[in-house]
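These notes concern the structure reproduced below.
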Amino acid sequence: MIPFKLDITEKNNSPSIRIEGELDIHHCAQLDDALSPLLSKNPTHIFFNLLNTSYIDSTGLGVIANAARNVAKHNGQIILISDKSQLKKVLELSGLHKKNVTLVENEKAAEKFYA
Amino acid sequence: MPKPIPITMTLPAASDFVAVARLAVSGVAARMNFSVDIIEDIKVALSEACTNAVQHAYVADTSGNIDIQFNLFQDKLEIIVKDHGQGFNPKETTSSKQTEETPGSFGLGLGLTFIKSLMDEAQIHSQIGHGTTITMVKYVPQIV
């Protein structure tokens with residue numbers, strides 16, 4: 001099992017959070033805590049790099065949904081980077097893809113959102 | 001019809017044990033020749049059932065357990081997840097309105113949606129004060 005790890009970088013007032021390991025009920029509070037100071041700076045977009053996230057559950061998506069509601073106040077977007085079909089499936093079941101949450105398959109595809 | 005093979009496990013209702021349930025069900029489902037994608041779906045469904053128990057069953061009590069029973073039939077896997085916690089009214093948690101508008105309940109409403117969508121059958125029985133039992137079934141795809 002990959003140990004849980006968060007790595008935060010920032011570019012053009014848009015934070016990018018790389019999440020390694022399993023984003024489940026045991027770890028979602030860590031992500032929530034890391035997001036609070038970032039959200040207080042009112043970023044336009046937040047990037048979640050999930051390429052090394054081996055599992056994500058409803059509580060993890062709940063934290064992302066909360067971030068999405070926050071950035072929606074100033075027309076911001078959440079960009080999820082993942083190539084896993086399972087993530088696409090749970091994202092569609094959550095309905096978040098119909099809101100301001102966009103899924104892209106790789107970091108190159110995410111770059112256009114920085115503009 | 002031959003009797004199912006039962007496998008039972010009891011886990012502490014704590015967030016760090018939900019990953020153990022996921023590992024266990026991966027092993028059980030792999031044994032039954034489910035495809036990798038279906039194993040992933042079953043894993044999510046069981047994980048959400050355990051998460052539900054950890055989050056909502058034992059709010060003031062950290063010593064609670066989750067009983068998981070796997071029944072391996074020839075044509076299906078049945079999983080029963082039982083907690084002995086405070087229970088809830090399923091009617092009050094599954095409406096999409098609540099799921100979307102109440103931030104704190106996003107996880108719960110969505111978890112039940114995942115279980116119902118990813119499994120072939122899912123039943124939730126909960127009684128206030130007597131705990132919750134979630135029974136779910138996945139059929140083994142038939143080779144024609």
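None of these values were measured; they are calculated from a predicted model. Here is the naming used below: chain letters follow the sequence lines, and residue numbers restart at 1 for every chain. Both backbone and side-chain heavy atoms feed into the values below; hydrogens, waters and symmetry mates do not.
Note on B/Ile79: it does not cluster hydrophobically with B/Tyr139, by side-chain heavy-atom contacts below 4.5 Å among ILVMFWY residues. Residues B/Val137 and B/Ile134 do not share a hydrophobic cluster, clusters being chains of Ile/Leu/Val/Met/Phe/Trp/Tyr side chains in contact below 4.5 Å. B/Ile80 and B/Ile124 end up in different hydrophobic clusters when Ile, Leu, Val, Met, Phe, Trp and Tyr side chains are linked at under 4.5 Å. The hydrophobic cluster containing B/Met9 also contains B/Ile42, counting ILVMFWY residues as joined when their side-chain heavy atoms lie under 4.5 angstrom apart, directly or transitively. A/Ile78 and A/Ile8 fall within a single hydrophobic cluster, where Ile, Leu, Val, Met, Phe, Trp and Tyr side chains are chained together by heavy-atom contacts under 4.5 Å.
Considering CG of A/Leu93 and OG1 of B/Thr113, their distance stands at 8.0 Å, rounded to 0.5 Å. One finds the SG atom of B/Cys50 at 10.0 Å from the CD1 atom of A/Ile25 (value rounded to the nearest 0.5 Å). Remark: B/Arg22 CZ to A/Asp24 CG distance equals 4.5 Å, nearest 0.5 Å.
Within the 4.5 Å cutoff, the side chain of A/Leu61 has heavy atoms near those of the B/Phe114 side chain. With a 4.5 Å cut-off on side-chain heavy atoms, B/Asp37 and A/Gln86 do not count as touching. Proximity of A/Tyr55 to B/Lys43: side-chain heavy atoms (C-beta onward) are separated by under 4.5 Å at one or more points. Under the 4.5 Å side-chain criterion, counting only non-hydrogen atoms from C-beta, B/Glu40 is not in contact with A/Lys89. For the pair B/Leu110 and A/Val90, the minimum side-chain heavy-atom distance is 4.5 Å or more.
Heavy-atom pairs under 4.5 Å with chain A peak, among B/Leu118, B/Asp41, B/Val18, at B/Asp41.
Of the two parts of A/Asp57, the backbone and the side chain both hold a non-hydrogen atom closer than 4.5 Å to a non-hydrogen atom of chain B.
With hydrogens and angles ignored, the 3.5 Å screen pairs no side-chain donor or acceptor of A/Glu22 with any backbone N or O of B/Ala19.
Summarising the local packing, CD of B/Glu121 is surrounded by more than 12 heavy atoms from other residues, nucleotides or ligands at distances under 6.0 Å. Shown here is A/Lys88, whose NZ atom has no more than 12 heavy atoms of other residues, nucleotides or ligands within 6.0 Å.
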